[in-house]
Amino acid sequence: MFEKVVLRRSESGSAITLGDIAEAALFYQNVHLVLDYGTLNGLVKNIGMPDLLSFLSRPNISAVYCEETLGTKTEKHGSTDTHQFIAFMLAGDQEAGQLNSRKKRLEYIIERQGYTKKQARRFAERFRNIVPIKKLSDDYFIEGGVVNSAWNDVTNHDFVHEAIRCVLEKEIGVKLINPDFFFRVLPSNPKFQIRTNLDFDSINSFRKEKGLSQELISPAHFINNLLEARADTVFSSHYGGEFYTSEITSSIIRIKHNELLKRAGINSAELKNFNEIILDDVPSIKEIINTGSRDFSEFLKLLDKSKKFRDWTQGVNPDEKLIKAYFRDVTAEGLGGRMPVKVLRYVLGSAVSAVEPVTGTMVSAADTFL
């Protein structure tokens, strides 16, 4: 249980946050981060290079840095739009000029957060010694690259239709989906066209009213979710273990590989139950870190204390809810002040009785932690 997890995207689909990483590190024996430009830039900004390097040097934390960002490029040919899945990366800017090496691109990210050139060079070298830098477009993760691996997905018409319907339902709701909705890909490798009867004027108006984005979206926005889902599937296969991904990506993968996330789904439910049953009105670890209520350095102290818990979960069945009591105890002490012992024991008893009978061995383990 909770042996290894791979993180690439937060639940909302945006870059991994400190809170995502903190929550995963608290529960899982090993956490592997797939960092891209946006995630690395955000982490350097939020905790600084010294703390980031220290965290990445922990024995149960590992990472890979992928400079390339996945996207869907659209080209106009008269009244026709042609699309193509791509992997692109920062090549330079007006101030820095051409960034034609990995070293320069990495130093650029660090310098942008206020470090001197000398500091950036030193931190970049230390980072490269800890974190390997890989490409999405070569054969490292999958033969032919991640982008090419998504080609089979867009040529599967039934899958595309159901996957896009799922994306639409989660992003805009069923009201804006036509009863006779269709979304078809016309492939011409490596590019493709899209035919759809979606009303993008209504969709963009809806998004603007809901404050989702001022940017106008097109069919490329929706089809790009298939590329992201394919990438997560590739990473999961490459690294093994469970993976943490967005709700939309998870749904797409479930459509194509119904059993792929079975175990990850169980563990996701476990984590949600921790918050819903044990914590009640106390924010989750992710919210505490992301809102700045607690500093990341405070969390690292909590993480050190939680090693006993993570060692114990190696031999615990995912259905056993006793771990909830210890979670409440550790987080209260480390981030929010210790709760009265009787409250802990009351929650423990209520949670256990609602789930299943408890053996003497399990009760003994819980008493040890409390």
side-chain contact (heavy atoms from CB on, under 4.5 Å) assessment of N225 paired with E171: CA-CA 11 Å; N225 285 281; E171 286 203 12; 4.1 Å; yes
Chi angles and distances behind the side-chain contact (heavy atoms from CB on, under 4.5 Å) call for L7, V34: CA-CA 6 Å; L7 280 77; V34 179; over 6 Å; no
Worked check of side-chain contact (heavy atoms from CB on, under 4.5 Å) between L18 and D20: CA-CA 5 Å; L18 275 177; D20 293 318; over 6 Å; no
side-chain contact (heavy atoms from CB on, under 4.5 Å) evaluation trace for I194 with F192: CA-CA 7 Å; I194 296 174; F192 55 89; 4.0 Å; yes
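Within the 4.5 Å cutoff, side-chain heavy atoms of R128 are placed close to those of K103. Looking at C66 and Y37, their side chains never come closer than 4.5 Å, going by heavy atoms from C-beta outward. Under the 4.5 Å side-chain criterion, counting only non-hydrogen atoms from C-beta, F55 is not in contact with L43. A 4.5 Å side-chain heavy-atom check between I16 and S10 finds every atom pair outside the cut-off. The closest side-chain heavy-atom distance from V5 to E23 is not below 4.5 Å. D153 places none of its side-chain heavy atoms less than 4.5 Å from the side chain of V160. Put simply, the side chain of R184 does not reach to within 4.5 Å of the side chain of Q193, judged on heavy atoms. Side-chain contact between R9 and D36: present, with at least one pair of heavy atoms (C-beta onward) separated by less than 4.5 Å.
A donor-acceptor pair shorter than 3.5 Å cannot be found between the side chains of D51 and S54. Q113 and N41 share a side-chain donor-acceptor pair at under 3.5 Å. Inspection of the N290 and T17 side chains reveals an N or O donor paired with an N or O acceptor under 3.5 Å. For the residue pair Q119 / R121, no side-chain donor-acceptor distance below 3.5 Å is found, with atom types taken as modelled.
Screening D232, L226, V167 for a side chain to side chain contact (heavy atoms under 4.5 Å, CB included) involving T249 leaves a single residue, D232. For the salt bridge (charged side-chain N to carboxylate O under 4.0 Å, His left out) with E111, the qualifying choice from K117, K118, R122 is K117, the only one to do so.
Residue pairs satisfying the salt bridge (Lys or Arg N to Asp or Glu O under 4.0 Å) criterion with at least one member in residues 62-76, sequence neighbours excluded, are listed as follows: E67-R102, E67-R105, K73-E75, E75-K191, K76-D81.
Shown here for I252 and A163, the closest heavy-atom pair between the two residues is CG2-CB, 4.2 Å. The two atoms that bring A25 and I61 nearest to each other are CB-CD1, 4.3 Å, heavy atoms only. Listed here is the closest heavy atom pair of S149 and V234: OG-CG2, 3.9 Å. For the pair P190 and Q84, the tightest heavy-atom approach, listed with the atom from each and the gap, is O-CG, 3.5 Å. Minimum interatomic distance between A15 and T39 (heavy atoms only, all atoms of both residues): CB-OG1, 3.4 Å.
In this structure F181 satisfies the ring-ring contact (aromatic ring centres under 6.0 Å, His included) test together with H161, sequence neighbours excluded. By the side chain to side chain donor-acceptor pair (under 3.5 Å) test, N224 pairs with T72, sequence neighbours left out. By the side chain to side chain donor-acceptor pair (under 3.5 Å) test, T74 pairs with H83, sequence neighbours left out. N46 meets the side chain to side chain donor-acceptor pair (under 3.5 Å) test with no other residue; sequence neighbours excluded. By the side-chain contact (heavy atoms from CB on, under 4.5 Å) test, A63 is found to be paired with L33, L35, L56, V131, residues two or more places apart in sequence or in another chain being considered. E162 pairs by the side-chain contact (heavy atoms from CB on, under 4.5 Å) definition with R165, I255, not counting sequence neighbours. Not counting sequence neighbours, H221 has no partner by the ring-ring contact (aromatic ring centres under 6.0 Å, His included) test. Residues passing the ring-ring contact (aromatic ring centres under 6.0 Å, His included) test with Y115, sequence neighbours excluded: F123. Y140 pairs by the ring-ring contact (aromatic ring centres under 6.0 Å, His included) definition with H238, not counting sequence neighbours. In this structure P132 satisfies the side-chain contact (heavy atoms from CB on, under 4.5 Å) test together with V64, K134, sequence neighbours excluded. By the side-chain contact (heavy atoms from CB on, under 4.5 Å) test, F206 is found to be paired with I172, L176, K210, L212, residues two or more places apart in sequence or in another chain being considered.
Between atom CD1 of residue I110 and atom CZ of residue R126 there is a gap of 10.0 Å, rounded to the nearest 0.5 Å. Here the CG atom belonging to L40 is positioned 6.5 Å from the CG atom belonging to L106, to the nearest 0.5 angstrom. Atom CZ of F296 and atom CG of L52 lie 8.5 Å apart (nearest 0.5 Å). Atom-to-atom distance recorded for Y108:OH and L90:CG is 5.5 Å, nearest 0.5 angstrom. One finds the CD1 atom of I164 at 4.5 Å from the CD1 atom of I223 (value rounded to the nearest 0.5 Å). Taken to the nearest 0.5 Å, the CD1 atom of I130 stands 12.5 Å off from the CZ atom of R58.
Hydrophobic cluster membership differs between V146 and I86, with clusters built from Ile, Leu, Val, Met, Phe, Trp and Tyr side chains linked at under 4.5 angstrom. F159 and F182 fall into different hydrophobic clusters, defined by Ile, Leu, Val, Met, Phe, Trp and Tyr side-chain heavy atoms under 4.5 Å apart, directly or through other members. F88 and I109 sit in two unconnected hydrophobic clusters of ILVMFWY residues. Membership requires side-chain heavy atoms under 4.5 Å apart, directly or through other members. Hydrophobic clustering places W151 together with I142 (ILVMFWY residues linked when any side-chain heavy atoms are closer than 4.5 Å, directly or through intermediates). Linking ILVMFWY side-chain heavy atoms closer than 4.5 Å, directly or via other members, places L186 and L227 in two distinct hydrophobic clusters.
Classified by interplanar angle (parallel below 30°, tilted 30° to 60°, perpendicular above 60°), the ring pair Y239/H32 is tilted. The aromatic rings of F222 and F200 lie tilted to each other, with the angle between the two planes from 30° to 60°.
D139 places a side-chain N or O within donor-acceptor distance of the main-chain N or O of G144, the cut-off being under 3.5 Å. One N or O on the side chain of S251 and one on the backbone of E247 form a donor-acceptor pair closer than 3.5 Å. In this structure a side-chain-to-backbone donor-acceptor pair under 3.5 Å is missing from N197 to N178.
Between D295 and K301 there is no salt bridge, since no side-chain nitrogen of the basic residue lies less than 4.0 Å from a carboxylate oxygen of the acidic one. Between R112 and D93, none of the side-chain N atoms (NZ, or NE/NH1/NH2) sits under 4.0 Å from a carboxylate O, so this pair counts as no salt bridge.
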